[in-house]
Amino acid sequence: ETGVTQTPRHLVMGMTNKKSLKCEQHLGHNAMYWYKQSAKKPLELMFVYNFKEQTENNSVPSRFSPECPNSSHLFLHLHTLQPEDSALYLCASSQAVEIHEQYFGPGTRLTVT
Amino acid sequence: DAKTTQPPSMDCAEGRAANLPCNHSTISGNEYVYWYRQIHSQGPQYIIHGLKNNETNEMASLIITEDRKSSTLILPHATLRDTAVYYCIVRVAFGANNLFFGTGTRLTVIP
């Protein structure tokens with residue numbers, strides 16, 4: 001596997017479910033990111049991790065809980081989501097948190113019913 | 001960060017050069033111009049970046065005007081697979097990590 005991978009690619013969940021999104025990067029990068037892309041809106045940065053430590057949380061509701069066990073893996077744990085949380089969730093990585101050359105995964109298309 | 005202005009959409013004939021403009025009249029001296037693109041239902045893809053000199057890589061060329069107030073991304077021989085939304089982003093090279101993608105230019109390559 002090369003680049004940034006995300007699983008699952010598609011997810012449908014009810015508002016009372018708990019699910020997790022997984023991201024893995026095979027680039028040896030030290031920074032990882034979660035973005036949200038809603039229909040017809042610009043990408044929104046959600047979380048930033050640098051060497052496994054969270055460095056940024058852009059006022060994301062607590063129903064989204066990130067986890068970064070090591071520099072290669074990033075999770076987004078989801079619980080009690082709302083229909084408006086339906087979106088494309090994108091993971092990205094970069095060599096360092098200050099470097100803006102980011103590499104994105106294919107995303108997880110999430111639908112909350 | 002400097003704001004950028006891009007046309008909402010453009011068409012280009014297959015095999016011809018696609019020239020995508022970006023205005024960034026408030027750019028400051030330490031801000032770079034970055035270009036990304038997003039093909040439908042995929043994650044954004046880094047294309048190229050530059051400070052003041054023109055840059056070229058295997059994907060595209062970036063032409064930055066002498067006053068740095070605007071730039072053009074050039075895809076020399078557009079193919080159908082180049083149909084995507086192209087984002088011009090201006091940021092300092094080393095700094096806060098929030099890339100603001102804006103709404104970009106939707107390029108449609110026509111057969």
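In what follows, every chain begins at residue 1, and chains take the letters A, B, ... in the order their sequences are listed. Treat the numbers as computed from the prediction; the structure is a model and nothing was measured.
Contacts of Q6(A) with chain B are absent, with no heavy-atom separation under 4.5 Å from either backbone or side chain.
How far OG of S41(B) is from CZ of R9(A): 8.5 Å, rounded to the nearest 0.5 Å. Y36(B) contributes atom OH, which lies 6.5 Å from atom CD of E101(A) (distance to the nearest 0.5 angstrom).
Considering all non-hydrogen atoms of both residues, Q42(B) and L88(A) come closest at O-CD2, 4.5 Å. A pairwise comparison of heavy atoms in P42(A) and G102(B) identifies CB-O, 3.5 Å as the closest pair.
Hydrophobic clustering keeps I39(B) apart from F101(B) (ILVMFWY residues linked when any side-chain heavy atoms are closer than 4.5 Å, directly or through intermediates). Linking Ile, Leu, Val, Met, Phe, Trp and Tyr residues whenever their side-chain heavy atoms come within less than 4.5 Å leaves F104(A) and F75(A) in two separate clusters. Under a hydrophobic clustering in which Ile, Leu, Val, Met, Phe, Trp and Tyr are joined whenever their side-chain heavy atoms come within less than 4.5 Å, directly or via other members, L81(A) and V60(A) fall into the same cluster. In the hydrophobic clustering of ILVMFWY residues, with side-chain heavy atoms under 4.5 Å counting as a link, L107(B) and L62(B) come out together. Cluster annotation: M15(A) is connected to L76(A) through the hydrophobic network of ILVMFWY side chains, with a link wherever side-chain heavy atoms come within less than 4.5 Å.
Among the residues in residues 43-60 of chain B, those with a non-hydrogen atom closer than 4.5 angstrom to a non-hydrogen atom of chain A are G43(B), P44(B), Y46(B), H49(B). For a heavy-atom cut-off of 4.5 Å, chain A lies close to no residue in residues 11-22 of chain B.
Applying the ring pair (Phe, Tyr, Trp, His ring centres under 6.0 Å) test to every pair with at least one member in residues 41-66 of chain A, sequence neighbours left out, gives these pairs: F64(A)-Y89(A).
In the hydrophobic clustering, where aliphatic and aromatic side chains (Ile, Leu, Val, Met, Phe, Trp, Tyr) are joined below 4.5 Å either directly or transitively, I110(B) stands alone.
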